[in-house]
There are 2 protein chains.
Amino acid sequence: MADVARRAGVSMATASRALSNHPHVAAETRARVLAAAEQLSYVISPEASRLAGGATGRVAVVVPHISRWFFAALLDGLESVLRDADLDVLLYHVGDTADRRDFFQRLPARRKVDAIVVLGMPVRDDERARLELMGVHIVAAGGQVENYPSVSIDDTAAGRQAVDHLIFLGHRRIGMIAATDPAEPGWPTGPGRTMAYRAALADAGLPDDPELVVTVEWGGRNGAAAMERLLSLREPPTAVYAHSDEVALGAMRTLRRAGLRIPEDMSVVGIDDHPMAELADLTTVAQPVHEQGVLAGRMLRKLLAGEPGADGVTVPTRLVVRGSTAPPRR
Amino acid sequence: MADVARRAGVSMATASRALSNHPHVAAETRARVLAAAEQLSYVISPEASRLAGGATGRVAVVVPHISRWFFAALLDGLESVLRDADLDVLLYHVGDTADRRDFFQRLPARRKVDAIVVLGMPVRDDERARLELMGVHIVAAGGQVENYPSVSIDDTAAGRQAVDHLIFLGHRRIGMIAATDPAEPGWPTGPGRTMAYRAALADAGLPDDPELVVTVEWGGRNGAAAMERLLSLREPPTAVYAHSDEVALGAMRTLRRAGLRIPEDMSVVGIDDHPMAELADLTTVAQPVHEQGVLAGRMLRKLLAGEPGADGVTVPTRLVVRGSTAPPRR
DNA sequence: TGCGTAGTCGGAAACGCTTCCAGCGGTTGC
DNA sequence: GCAACCGCTGGAAGCGTTTCCGACTACGCA
């Protein structure tokens, strides 16, 4: 930077001000500095800049499963707005339980970022305590995180949309394939999605047969296995509600293999509106995933700018009727 | 850090050496410093550390499409090994042409990273020139990038495996759905995949009917449209080779809608072995995506350690036969 | 006993910026 | 006409590390 200043015939102080867009620099001087920087193809050293100044210009993004569509889409949306704000994204993948413990214990992002956003992942209280040690803003998206400004869907409402649709079509015997997060075995992805099922059945005066509920780890293959369980019942359901599209897609594969027709012999409904759902003609409850990432990014920008961000946003879901649901055969 | 040094009763110089695992520190002293740091829950300021020292401990990862499975899986693999090496991942998404130009023009990662890895994306010569301005190591994965140490599959071989399979089954009239990258219209994803098709046909003594080739942008929906084109021919093919599974899945949807049976009326083969391919019972040529990311990460570690990394690795692909291919009806 | 040496440790100078404070010439208000 | 003021600029003090270099200790050997 000394070179640039010399070339522009100004002091380092002025050069610094010009380069970082501070006021109190004559337009002409600024132009001269910028030109000098350009010629020397000089860029400010972020390290030195942060050392002396304040913010790092970086945001940590914590995500449990990079290669799953839902999380990747969330990240995509988030990244786009952070990039527009000239914020760099530091990616932290906390795939399994060990990673996760390690992340919250070591806090590898400490002192490295201005904020942290947690994607699609509930944060436990003890983890929250660790996170707060970092003393930076925290935002969540796509997961049911309390205590933080966050954006997500209403899982219960989404579940209701799916199950109510099946009930409306006339189904009385409805199975549910609940998905748990493989990283947190036994922990339901969305407790709301399960509650919605029971509430919908109760409201419709239908019995809640525990046989009809099977819980598996997330994933198409497990969805397929779950459907096998359901088919092995003495009296299988006439419709199945899956907690996510991938699981539903797995279930459909089992049905196809069994020679059953969809939707004539069995209706299937999922949640998410995964791109594959369209190709598979799967009825589902769509949630705006990319948009949730975008909203979280905007929220963060506000927070970083010092404005009091909204506490939380719930984005709407909507039923997308395709060819995998129909009234039951009588 | 001054606090830590004081508490441990040593100078800052010694504290620094102890904390960054340098030699020439008595074991007992080091333990004392570490304990003091622990008690004060102190972590080194990376900014200051880099300013004085050398490396940033960060790696830039450039990826064209975060939310597509292939790229996300690559990133997943890469991230896991970088994390093990205590390297932070700075994510740069260059979705469309504008992003891309902007990235290579502004080089936002400049001075921020020790290395850069390009995922699933060919780099043009002019872009390469810009990249080299950063003066850091460069590694590529999942794309056909020349001049860099890189890991990828042999696209031509993969294409041959797919097309040869169809030919072996007895198909004589084989369609191809070629995919281009939406970010770089007109640019074939894998020129090799196209060449393989022509070479296979030629080797089998089959005519190369231009009608049978349709080129679309990547994506399931476009795959579906491409299949419609193929079905509108006077004499449609008996089998279709798609450049990627998503495209193949789209094609299958059109076939299903048309009431055609797979594989009886039409065989379909893809490339990638997308998780959905298994659920859709799609025959495909599998490539180890996650592993390519891992290998790229290892290569980078070597490079950063000063060892001469291998110039490039080609990982093998293999045909996975499922239910979407069969001999043609006669 | 004296001296060289290996192993540790401390002082202090960078590292490349930002920002406080002061100075400078020129305006404005009375 | 003078003082107060304003916009712009420069000097210099940090910011929190690392590392060079010199000093100090304890020990082995002649």
Side-chain angles (χ1 to χ4, degrees), chain A residues 1-38 40-58 86 88 107-114 134-136, chain B residues 1-38 40-58 86 88 107-114 134-136:
Chain A
M1 170 151 168
D3 290 345
V4 173
R6 201 172 314 120
R7 188 180 189 108
V10 298
S11 72
M12 284 194 40
T14 305
S16 170
R17 278 186 287 251
L19 289 169
S20 37
N21 254 330
H22 272 278
H24 298 298
V25 179
E28 197 267 340
T29 309
R30 163 162 304 145
R32 205 143 33 86
V33 173
L34 259 28
E38 174 68 22
L40 297 168
S41 84
Y42 162 89
V43 284
I44 275 186
S45 155
E47 318 296 346
S49 174
R50 298 333 175 188
L51 218 209
T56 66
R58 262 173 255 138
D86 256 313
D88 283 320
L107 291 180
R110 221 153 152 223
R111 292 251 237 170
K112 292 180 186 169
V113 297
D114 299 333
M134 292 177 55
V136 297
Chain B
M1 170 152 165
D3 292 344
V4 173
R6 201 173 313 120
R7 188 180 191 110
V10 298
S11 73
M12 285 196 36
T14 306
S16 171
R17 279 186 287 253
L19 289 170
S20 38
N21 255 331
H22 272 278
H24 297 299
V25 178
E28 197 265 339
T29 311
R30 164 164 302 144
R32 205 143 33 86
V33 173
L34 259 28
E38 173 69 23
L40 297 168
S41 83
Y42 161 89
V43 283
I44 273 187
S45 155
E47 317 296 346
S49 176
R50 300 332 176 187
L51 218 209
T56 66
R58 261 173 256 138
D86 256 315
D88 283 320
L107 291 180
R110 243 221 281 192
R111 291 253 237 170
K112 294 180 184 167
V113 296
D114 300 332
M134 293 178 55
V136 297

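Any value given below was found using the heavy atoms of this structure, including those in side chains, with hydrogens, waters and symmetry copies removed. Here is how names work: the chains are called A, B, and so on, in the same order as the sequence lines, proteins then strands, and each is numbered from 1. Just so it is clear, the model here is predicted, and its values are computed rather than measured.
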Q. Whole Å only: how far is the NZ atom of K112(B) from the C1' atom of dG16(C)?
A. 16 Å

(Q) Please report the distance, rounded to the nearest Å, between CZ in R50(B) and C1' in dA14(C). (A) 17 Å

Q: Can you tell me the distance, in whole Å, between the CD1 atom of I44(B) and the C1' atom of dT17(D)?
A: 7 Å

Q | Value in whole Å for how far the C1' atom of dG16(C) lies from CG of D3(A) | A | 12 Å

Q.
Does dT18(C) have its OP1 or OP2 closer than 4.0 Å to a side-chain nitrogen or oxygen of S49(A)?
A. yes

Q.
Taking 4.0 Å as the cut-off, does a side-chain nitrogen or oxygen of R111(A) come that near to OP1 or OP2 on dC15(D)?
A. no

Q. What integer distance in Å separates E47(A):CD from dG14(D):P?
A. 23 Å

Q.
Considering only residues two or more places apart or on different chains, which pairs with a residue in residues 11-20 of chain B satisfy salt bridge (Lys or Arg N to Asp or Glu O under 4.0 Å)?
A. none

Q) Distance from L51(B) atom CG to L51(A) atom CG, nearest 0.5 Å? A) 5.0 Å

**Q.** Nearest listed nucleotide, side chain of S11(B), among dG16(D), dT9(D), dG10(C)
**A.** dG10(C)

Q) Quick one: H24(B) NE2 to dC20(D) C1', roughly how many Å, whole number? A) 13 Å

Q: Using five pairs at either end of the helix from dT1(C)-dA30(D) to dC30(C)-dG1(D), determine the angle between the two local helix axes and round it to 10 degrees.
A: 40°

Q) At under 4.0 Å between heavy atoms, what does R30(B) touch on the DNA or RNA strands: base, sugar-phosphate, or nothing? A) nothing

Q. Taking atom P of dG16(C) as reference, at what distance in whole Å does atom CG of L51(B) sit?
A. 7 Å

Q) Is there a donor-acceptor contact under 3.5 Å from the side chain of S20(A) to the main chain of S16(A)? A) yes

Q: Please examine the side chains of R30(B) and L34(B), heavy atoms only from C-beta on, and report whether any two atoms are closer than 4.5 Å.
A: yes

Q: Begin with the C-alpha distance, continue with both residues' side-chain angles, and end with the deciding distance and a verdict on side-chain contact (heavy atoms from CB on, under 4.5 Å) for S49(A) and R111(B).
A: CA-CA 12 Å; S49(A) 174; R111(B) 291 253 237 170; over 6 Å; no

Q: Grab the CD-P distance between E28(A) and dG7(D) for me, whole Å please.
A: 19 Å

Q | Residue of the set V10(A), I44(A), V33(A) for which side chain to side chain contact (heavy atoms under 4.5 Å, CB included) holds with V4(A) | A | V33(A)

Q: State which residue, out of M134(A), R50(A), R58(A), fulfils the side chain to side chain contact (heavy atoms under 4.5 Å, CB included) condition with K112(A).
A: R58(A)

Q. Do D114(A) and V136(A) come within less than 4.5 Å of each other through their side chains, counting heavy atoms only?
A. no

Heteroatom pairs (N/O) under 3.5 angstrom, protein to nucleotides 19-25 of chain C:
| unit_1 | atom_1 | unit_2 | atom_2 | d |
| --- | --- | --- | --- | --- |
| dT19(C) | OP2 | H22(A) | NE2 | 3.3 |

Q. Within the structure, does a side-chain N or O atom of T29(B) lie under 4.0 Å from either OP1 or OP2 of dT8(C)?
A. no

(Q) Give me the atom names and distance for the closest heavy-atom approach of A37(B) to L19(B). (A) CB-CD2, 4.0 Å

